[in-house]
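Since the model is a prediction, treat every value here as computed from it, not as a measurement. Just the heavy atoms: all of them, side chains too, but no hydrogens, waters or symmetry mates, feed the values below.
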Amino acid sequence: PTTRPRVVQLWTFTPNAPVPIQHTWTAGEFCAGNHFAYSVAIDERTDKLPSQGNYSVISVGDPGAHFTGAVAVFFSSSYIQAQTLYPLDGPGNVTEIWCYGESVSSDSGYLAVGSPGYPYGTILNAGMVDLWWSDPTAGLCPPSGCKGAYIYLTTIYPPTPLENGGFGESVSVFQDELIVGDNLYSVYKF
């Protein structure tokens, strides 16, 4: 894993030409980016300080981090990782949750994190989706000037859990709507 670290790059475009890379982020976990950047989301509608940049929150899924997966959260104006989101069971709980962060999507302060390998009850790989909310009053971290932090809202399980159903294989958030896809070609709207 250390020979092929993965990175996330932030580019911006003008009508005439691309602007050089603004930032590059690499994985912070000990696997050195083995699955870092498997999925990426940008939320430009999150409450932020002017110093945090135009795109505010960048969420990077890393389904291999700490064995169970994690999501790294950055602000577009900083190289420092602002927050790491884990499944509620915490990092390293390989018997409980797999592939956390295989899909991420964010908009208007909501962040959905898919974990299609999660065994729901006794049903293997049925999947789940965690929903987080950006609280602008939490996580103040001077002197870097970041504002806000994601707080856990709820976990959504598949309406009909099936073995290897992979609920959360894909997620998409727009304002207050959440779309979830699974391995069985089903799409759910919440």
Distance check, rounded to the nearest 0.5 Å: [X] atom [atom1] versus [Y] atom [atom2]?
| X | Y | atom1 | atom2 | value |
| --- | --- | --- | --- | --- |
| F190 | I179 | CZ | CD1 | 9.0 Å |
| L111 | L178 | CG | CG | 10.5 Å |
| M128 | C99 | CE | SG | 10.5 Å |
| D182 | N125 | CG | CG | 12.5 Å |
| D135 | Y150 | CG | OH | 11.5 Å |

Under 3.5 Å donor-acceptor, [X] side chain and [Y] backbone:
| X | Y | answer |
| --- | --- | --- |
| S170 | S103 | no |
| D43 | G109 | yes |
| D107 | Q175 | yes |
| E102 | P116 | no |

Should the ring pair Y157 and Y118 be called parallel, tilted or perpendicular, given that the plane angle runs from 0 to 90° and is split at 30 and 60?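 The rings of Y157 and Y118 sit tilted, inter-plane angle from 30° to 60°.
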Step-by-step side-chain contact (heavy atoms from CB on, under 4.5 Å) determination, L162 to L184: CA-CA 9 Å; L162 298 171; L184 304 174; 3.5 Å; yes
What about F167 and Y188, are their ring centers closer than 6.0 Å?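 Ring-ring flag for F167/Y188: true, centres closer than 6.0 Å.
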For this output row, return yes or no: ring centroids of Y110 and W132 closer than 6.0 angstrom.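 That pair fails the under 6.0 Å test.
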